[in-house]
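One structure is given below, encoded as C-alpha cells.
The chains referred to below are lettered A, B, ... by the order of the sequence lines, with proteins before strands, and numbering in each begins at 1. Only this structure's heavy atoms are used, side chains among them; waters, hydrogens and symmetry mates stay out.
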Amino acid sequence: MHELAPINPWVALAYLVAGICFILALRGLSSPASSRRGNRFGMAGMAIAVVTTLLTHELANPVEVLGAIAVGGVIGLVMARRIAMTAMPQLVAAFHSLVGLAAVAVAAAAYLNPLAFGIADPSGQIFTVSRIEMGLGIAIGAITFSGSVIAFLKLNGNMSGAPIILPLRHLINLGTLAAILGLIAYFTLDQSPWVFWTVTALSFAIGFLLIIPIGGADMPVVVSMLNSYSGWAAAAMGFTLGNTAMIITGALVGASGAILSYIMCRAMNRSFVSVIAGGFGAETSAAAGGAKEQRPWKPGSADDAAFLMSQADTVIIVPGYGMAVAQAQHALREMGDLLKAEGVTVKYAIHPVAGRMPGHMNVLLAEASVPYDEVFELEDINNEFAQCDVAFVIGANDVTNPAAKTDKTSPIYGMPVLDVEKAKTVLFVKRSMGGVGYAGVDNDVFYMDQTMMLLGDAKKMTDDIVKALGSGGH
Amino acid sequence: MHELAPINPWVALAYLVAGICFILALRGLSSPASSRRGNRFGMAGMAIAVVTTLLTHELANPVEVLGAIAVGGVIGLVMARRIAMTAMPQLVAAFHSLVGLAAVAVAAAAYLNPLAFGIADPSGQIFTVSRIEMGLGIAIGAITFSGSVIAFLKLNGNMSGAPIILPLRHLINLGTLAAILGLIAYFTLDQSPWVFWTVTALSFAIGFLLIIPIGGADMPVVVSMLNSYSGWAAAAMGFTLGNTAMIITGALVGASGAILSYIMCRAMNRSFVSVIAGGFGAETSAAAGGAKEQRPWKPGSADDAAFLMSQADTVIIVPGYGMAVAQAQHALREMGDLLKAEGVTVKYAIHPVAGRMPGHMNVLLAEASVPYDEVFELEDINNEFAQCDVAFVIGANDVTNPAAKTDKTSPIYGMPVLDVEKAKTVLFVKRSMGGVGYAGVDNDVFYMDQTMMLLGDAKKMTDDIVKALGSGGH
Amino acid sequence: MDFIAIFSIFVLACFVGYFVVWSVTPALHTPLMSVTNAISSVIIVGALIASAAAGSPVSKWLGLAAVVMASVNIFGGFAVTERMLAMYKKKER
Amino acid sequence: MDFIAIFSIFVLACFVGYFVVWSVTPALHTPLMSVTNAISSVIIVGALIASAAAGSPVSKWLGLAAVVMASVNIFGGFAVTERMLAMYKKKER
Ligand SMILES: NC(=O)c1ccc[n+]([C@@H]2O[C@H](COP(=O)([O-])OP(=O)(O)OC[C@H]3O[C@@H](n4cnc5c(N)ncnc54)[C@H](OP(=O)(O)O)[C@@H]3O)[C@@H](O)[C@H]2O)c1
Ligand SMILES: NC(=O)c1ccc[n+]([C@@H]2O[C@H](COP(=O)([O-])OP(=O)(O)OC[C@H]3O[C@@H](n4cnc5c(N)ncnc54)[C@H](OP(=O)(O)O)[C@@H]3O)[C@@H](O)[C@H]2O)c1
C-alpha cells in the first residue's frame, strides 16, 4: 500500500470544510424553513472546493479554465431558469448524464497524465490502489452516463417508454458486468491502454443495456439509482485524489440516491431487484381492461363538483401524476382559494409516491403557491378522510386504491394508500374510465355509490370548476 | 506538524471496526427491540479494541495486565449486579469518576514514558501537538474525576445536596481555568514536570470548585455534562495515539452527554449556563411555603382511590421522582394489573424529565415489568387526559404543574407539562401539602375541585390501594 | 493521508449520509435530488487538476470538457434548487 | 495517519454522534448513559500500552491502575446496561 504524497494540511482542511458545507446543505432540507440556508451552504462548499483547487494548482492557461467554467455556468443557469417544474425528472436525468460523462473524462485524463494527479511513480507506473479506484471510477461514470441518457430520452418522450426486451438479456448483462470487473482486476497487473478503453466501452454499453428493458414509469427509481452511482463515482475519484470533499460528497450522494430508491420501492411495494430486472410496464395494458369496467359508475360535471364542494365543511385534495401531466396545479390552487373564501376547510393529502418522483406533488403545489402547512403527508392526514365531506382526487389513482389493503393478488398489495373511500363523497378527476395509472390496475373506488367521476383533462376540469365557483351559480 | 509513525493498516482497520461497533451500539438504542443487539455490538467493539491492543504490543508481564483486567472486571460485574435501579444516577457518577481518573493515569503514564506511546523523538522531546492533546486530556480527565466524585457524594446523600457557595467563586473559577489553559500553552514550550503536575493539580481543584456550588437536584445535568467531558478526554487521548476507536468513541460520548444535558435543560426551561453557574436549590425553600397553602383541598384515602379507579374506564398513571424515592414501581404495576383485571384501561404517561435522570421513570417501570408499549411519552398521550376518567399522579409534581403554561413569573414557565388537570378526577399521591418538588413551586392542581390528595408515602399508599382493590371491598 | 485514513473518512461519511438523508422531509425530496446532483459535481476538482496540468494535451482537453460539464451541473443544479426552494412558503397571516 | 486525517475523522464522528444520539428513544436514555459510560472506557487502550511498556516503572503502575479502573467501567457498564435492557419487555399476548 503506498503513501500518497503528504498534502498541505491547510488544503486538506479547506476540502474538509467544503465537505462539511455539503453535509449542512442536506441537513438544511430537514425543513422548508431552513432549506434555503442549506442550499447556500452547498454553494459555499462548492466555491471553497473550486477556489482551493485553483489556488493550489498552477494553471497552465487560466483563460481556458475560467472560460470553461463560464460557458458551463451560463448553460446551467439558462437551463435552470427555463425548465418547467413538471419537467424536473428529465432535467435531473440530463444533469446526471453530465456528471457521469465528467467522471469519465476525469478518469481518462488521470489515466493519460497520472503524474499530474500524483498517482504514479516517476516512471509513469500507476499505483495499484489508484488503478482499482480509476477503473471503478470510469466504469461507474460510464454507466451513469449512458443509463441517464436513456432515462432522459424515455422521460422526455423522445423514446417510447415501453420496455425493450432483448432475448437473453440477463445473460448478456451478467456477462458484460463480469467482463468489466475482470478487466479492472487485470488492469492492476497491466496498465495497457486496451484494458482501460475496453472497460470504458463495455461500461457505456452496459449502461444502455441495463436501462433499455426498464419501462418508462420505473424511470424515477432508475434516476435515483444513477444518482447514487454518480455519488460513488465521485467517491472513487476522491480516493484517487485523497480528497475529503469528494469522499464526503460521494457518500452523501450515494446514500441519498440509495435511500430514495428504497423509499420509492417500498412505497410501491416492489423489490429493487424486480425494478432493475426490468420488463415492468410491458404487461400492464393486458392487466387493465377487464370485466370490471362494465360495472356501473356515476358521471358528474364541473358544476356538480363546484356545488358539492362549496356546501362541504372540509375538502381534502389528493393530487397525483395526472395533475402533473395536465399542469393543473395553478388552477387547483385557485379552486382551493375560492373554496376557502366560502369558509370551506381545504387540505392537501400527499402520498409519498404520488406522481413520478419523490416529492413531485409537493414541489408542484409549492410552485402554485400553496402554503406548505396546508400540505400533509399520508400518516398525518389519513385518519381525517373519515371525517371529511369531499375527497377531491385529481389525476391520482394507485395511491388511492383500496385493493392495496385487501386484495392479496393485486400488484400493489401492501403499499400504504390514502383512505379516500372513507370520505362522504369522492370526486375523481381523470380522462377516461380505462387508461388506469402506473400499476395498471382498476380501482374499486370508481364504482362506489358515493363516488362521482369527473371525466376530462385535469386542468380543464379544474378551470371549469373554478368558473362555476366564481360565477356563484350554485 | 509531525507525521505519526505509520500504523499497520490492519491494526488501524481493527480500531475502525471497533469504532463502528460503538456507533451501532448507540444506534440499537433507537428502539427497545434492537437495544440488546446494540449492547452486544458495544461489547464486541470493546473486545476488538482490547484484543488488538494486546496483540500489537509486547506485554512486559502478561499476568499483571490480565490480572488487572480480571480484578476490574469482577468489581464491575459485582457492582452491576448489586446496584438498585433507583441508584442508577449515583452509579453513573461513580463510573464517570473512574473514567476520569483512568484518563489522568494514562496521560501521566504517557508523559512519563512518551517513547512507549510513540509521541516523542528519540531524545524524549514530546511532539508539540501531543503536548497540547496530553495537556487537554489530563485537564479534562481530572475535572471529570473530581467533579464526578462530588456529584456522587451529593446524589448518594453522603454530602448535603445544598449548594455550597463560596464568596467570589466565579472569579476564582475563571482565574483557575485561565491558569490551566495558560499552563497548557506554556507546556508546548517547556515540558518540565512542574508545568504538567500543576495543570493536573489545578484541574482536580477546579472540578471540585465547579460542582460544589451546584445543588443536588441539578446533579443529573452535571453528571451528563461530565459524561460529555469523559468523551472529550477519550477523544484527546485518541488524537495522541492516532486511534480511530478512541476518536469515534470520544465523539459519540461527547455528543451523547451534551445532547442529554441540552434535553434536560430545555425540558426544565433553564439555560445550561444557569445550571453550571450553580446556586439553584438555595432559594427554593424560600419560594415554597406561601399563602397558597391555606387554600382548601380535598383529602382522600386508599379506599376512596381504589373505588374511584375501579369504576373508571381509563386511568392514566403519571409517575415522578417520589415514586423512585419510595421504590413504589412494583406496587404500582400490581395496582395496574388489578385494575386491568377489572376491565379498566391503564396507561402510563412519562414526562421527559420526570424523576432525576433522563429516562428514569421508563427504566423503573421496565424493572417492575410494565410492558413498554403501555408507557407513553408526553406528546403521544397528552391529549388523552381530556378523555380519561382518572389521572393518578404518584410522586410527580413539577411535570404536572399548569403554571408552566400560564404563569409567566413561574420558574418553570415554558416547560412542557402533562395536562392532568383536564382529567375528570385527579388523584395526587405525595407525603405532604408542603415539601413541593424540584422547582420548589406550589401546584394549583392540588386545590382543584376534581382533585383528591392522597397524602402518604408512595409505596405505602399504593400497597394500601392494592389491598383495597384485592379485597374487592368497594 | 494514507489509505486507511481515507477509508475511515469514507465509512464515517457513509454513516453521516445515511442519517442526514433520512432526516430530509419527504416534501423536499425533489430539491434533494437536484441538490445532490449539484454537489456530486465536486468532481470538477479532478477536472480542474487535469485542465491545469501541462504535459498531455489530450488529458488537458478532456479536463476542460469535464470542467464545462461539471459547471453546467453546479450552476444549473444549485440554481434550480434555489428556484424550487423559494416556492415553498408558509401560510401568510 | 497525519493530524488532518485524524481531525477529519473526528469531525465526521461528531456528526455521527449528533445524529445517532438524537435517534435514541427517550425511554432508553438511562441505558444510553450507562452504555456511553462503558464505551468511554476505550481509554483502556492507552492504559494497556502504558502497562505493557518497559522503561518507566511508575508509568507501568499508572497504566495497571488505569487498566483496573477502566475494566470496572467496561464490565460494570455493559453488565448494568444489559440488566436494564433485559427489563424492557413488550406486552405478552
Ligand atoms: N412518485 C414516485 O417517486 C414514483 C416513482 C415510481 C413510480 N411511482 C408510481 O406512480 C404511481 C403514482 O400514483 P398516482 O396515483 O399519482 O398516479 P397513477 O396511479 O399513475 O394514476 C394517474 C392517473 O392520472 C390520470 N391522468 C393522466 N393524465 C391526466 C390528465 N391530463 N388529466 C386528468 N387525469 C389524468 C390517469 O387516468 P386517465 O389516463 O384515465 O386520465 C391515471 O388514473 C404509483 O403507482 C407509484 O408507485 C411513483
Ligand atoms: N429527569 C431528569 O432528567 C431531571 C434532571 C434534572 C432535574 N429534573 C427536574 O426534576 C423534576 C422532576 O419532576 P417530578 O414531577 O418527577 O418530581 P418533583 O417535581 O421533584 O416532585 C416530586 C414529588 O414527589 C413527592 N415525594 C417525594 N418523596 C415521596 C415519597 N416517598 N412518597 C410520595 N411522594 C413523594 C414530593 O412531595 P412530598 O415531599 O410532599 O412527598 C414531590 O411533590 C422536574 O422539575 C425536572 O425539571 C429532572
*Against chain C, work out which of A/A234, A/S35, A/S97, A/A255 has the most heavy-atom pairs shorter than 4.5 Å and name it.*
A/S35
*With no hydrogens and no angle check, is any side-chain donor or acceptor of A/R27 less than 3.5 Å from a backbone partner on C/V20?*
no
*Take A/M88 and C/M84 through the test side-chain contact (heavy atoms from CB on, under 4.5 Å) and record every step on the way to the result.*
CA-CA 10 Å; A/M88 279 307 297; C/M84 274 191 264; 3.2 Å; yes
*asked:* Can you tell me how far apart CG (A/L54) and CD1 (C/I44) are? Round to the nearest 0.5 Å.
replied: 8.0 Å
_Please classify the contact between A/L365 and chain C as side chain, backbone, both or neither, with a heavy-atom cut-off of under 4.5 Å._
neither
*Please report the closest heavy-atom contact between A/M246 and C/I43, naming both atoms and the distance.*
CE-CA, 3.7 Å
*Checking A/L260 against chain C: side chain, backbone, both or neither under 4.5 Å from a heavy atom?*
side chain
*asked:* Report which part of A/S31 has an atom under 4.5 Å of a heavy atom belonging to chain C: side chain, backbone, both, or neither.
replied: backbone
*Which region of C/V42, side chain (C-beta onward) or backbone (N, CA, C, O), has a non-hydrogen atom less than 4.5 Å from a non-hydrogen atom of chain A, or is it both or neither?*
both
*At a heavy-atom separation under 4.5 Å, does C/F7 approach chain A through its side chain, its backbone, both, or neither?*
both
*Among A/V104, A/T53, A/V78, A/V92, which residue forms the greatest number of heavy-atom pairs with chain C at distances under 4.5 Å?*
A/T53
*Which one of C/S41, C/S23, C/A79 has the most heavy-atom pairs closer than 4.5 Å to chain A?*
C/S23
*Would you mind telling me which of A/A80, A/G38, A/A116 has the largest number of heavy-atom pairs within less than 4.5 Å of chain C?*
A/A80
*According to the interplanar angle, ranging from 0 to 90°, do the rings of C/W22 and A/Y262 count as parallel (below 30°), tilted (30 to 60°) or perpendicular (above 60°)?*
perpendicular
*Name the region of A/L16, side chain, backbone, both or neither, that has any atom closer than 4.5 Å to a heavy atom of chain C.*
neither
*Relative to chain C, which segment of A/M43 carries a heavy atom at a distance below 4.5 Å: side chain, backbone, both, or neither?*
both
*Verify side-chain contact (heavy atoms from CB on, under 4.5 Å) between A/V50 and C/V45, making sure each step is shown before the conclusion.*
CA-CA 6 Å; A/V50 169; C/V45 168; 5.7 Å; no
_Mutual orientation of the aromatic rings belonging to C/F10 and A/W232 [parallel < 30°, tilted 30-60°, perpendicular > 60°]_ = perpendicular
*What part of A/A103 lies closer than 4.5 angstrom to a heavy atom of chain C: side chain, backbone, both or neither?*
both
*Let me see the working for A/I69 and C/F75 under side-chain contact (heavy atoms from CB on, under 4.5 Å), right down to the final yes or no.*
CA-CA 9 Å; A/I69 296 180; C/F75 286 86; 4.1 Å; yes
_Side-chain (A/R36) to main-chain (C/L85) donor-acceptor, under 3.5 angstrom_ = no
*Tell me, out of C/V21, C/V67, C/V35, who's got the most heavy-atom pairs with chain A below 4.5 Å.*
C/V21
*asked:* Just so I know, are the side chains of A/P32 and C/L28 near enough to count as touching, which here means a heavy-atom distance under 4.5 Å?
replied: yes
*Rounded to the nearest 0.5 Å, what separation is found between the CD atom of A/E64 and the CG atom of C/L64?*
5.5 Å
*How many angstroms lie between CG in A/D373 and NZ in C/K89, if you round to the nearest 0.5 Å?*
12.5 Å
*Does the side-chain contact (heavy atoms from CB on, under 4.5 Å) test come out yes or no for C/V16 and A/I248, once each step is laid out?*
CA-CA 9 Å; C/V16 175; A/I248 293 177; over 6 Å; no
*For chain C, which of A/V71, A/L101, A/I75 has the most heavy-atom pairs under 4.5 Å?*
A/L101
*Heavy-atom distance under 4.5 Å to chain C: side chain of A/P352, backbone, both or neither?*
neither
_chain A contact via C/A38 - side chain, backbone, both or neither, heavy atoms under 4.5 Å_ = backbone
*Report yes if the side chains of A/L252 and C/T36 come closer than 4.5 Å at any heavy-atom pair, otherwise no.*
no
_When you compare the side chain of A/H360 with that of C/H29, does any pair of heavy atoms fall below 4.5 Å?_
no
*Looking at A/V99, A/N362, A/V375, A/L115, which one has more heavy-atom pairs under 4.5 Å with chain C than the rest?*
A/N362
_Which of C/L32, C/V11, C/V58, C/L12 touches chain A most, by non-hydrogen pairs under 4.5 Å_ = C/L32
_Please determine whether the number of non-hydrogen atoms from other residues, nucleotides or ligands lying under 6.0 Å from atom CZ of A/F41 exceeds 12._
no
*Examine whether an atom of A/M46 lies under 4.5 Å from a heavy atom of chain C, and if so say whether it belongs to the side chain, the backbone or both; otherwise answer neither.*
side chain
*asked:* Working to the nearest 0.5 angstrom, can you tell me the gap between C/R83 CZ and A/N39 CG?
replied: 13.5 Å
*With respect to chain A, which residue among C/V68, C/I49, C/L48 yields the maximal number of heavy-atom pairs within a distance under 4.5 Å?*
C/I49
*Shortest non-hydrogen contact from C/L62 to A/A108?*
CD1-CB, 3.7 Å
_Counting heavy-atom pairs closer than 4.5 Å to chain A, which one of C/I74, C/T81, C/T30 comes out on top?_
C/T30
*Could you check which of C/S59, C/A66, C/A70, C/A86 has the highest count of heavy-atom pairs closer than 4.5 Å to chain A?*
C/S59
*When rounded to the nearest 0.5 angstrom, what distance separates CG in A/N113 from NZ in C/K60?*
12.0 Å
*Given that the side chain runs from C-beta out, which part of A/Y111 has a heavy atom under 4.5 Å from chain C: side chain, backbone, both or neither?*
neither
*Non-hydrogen atoms of chain C under 4.5 Å away: do they reach the side chain of A/E377, the backbone, both or neither?*
side chain
*Roughly how far, to the nearest 0.5 Å, is CZ of A/F95 from OG of C/S40?*
11.0 Å
_Most chain C-contacting option - heavy-atom pairs closer than 4.5 Å, from A/A366, A/A233, A/A105_ = A/A366
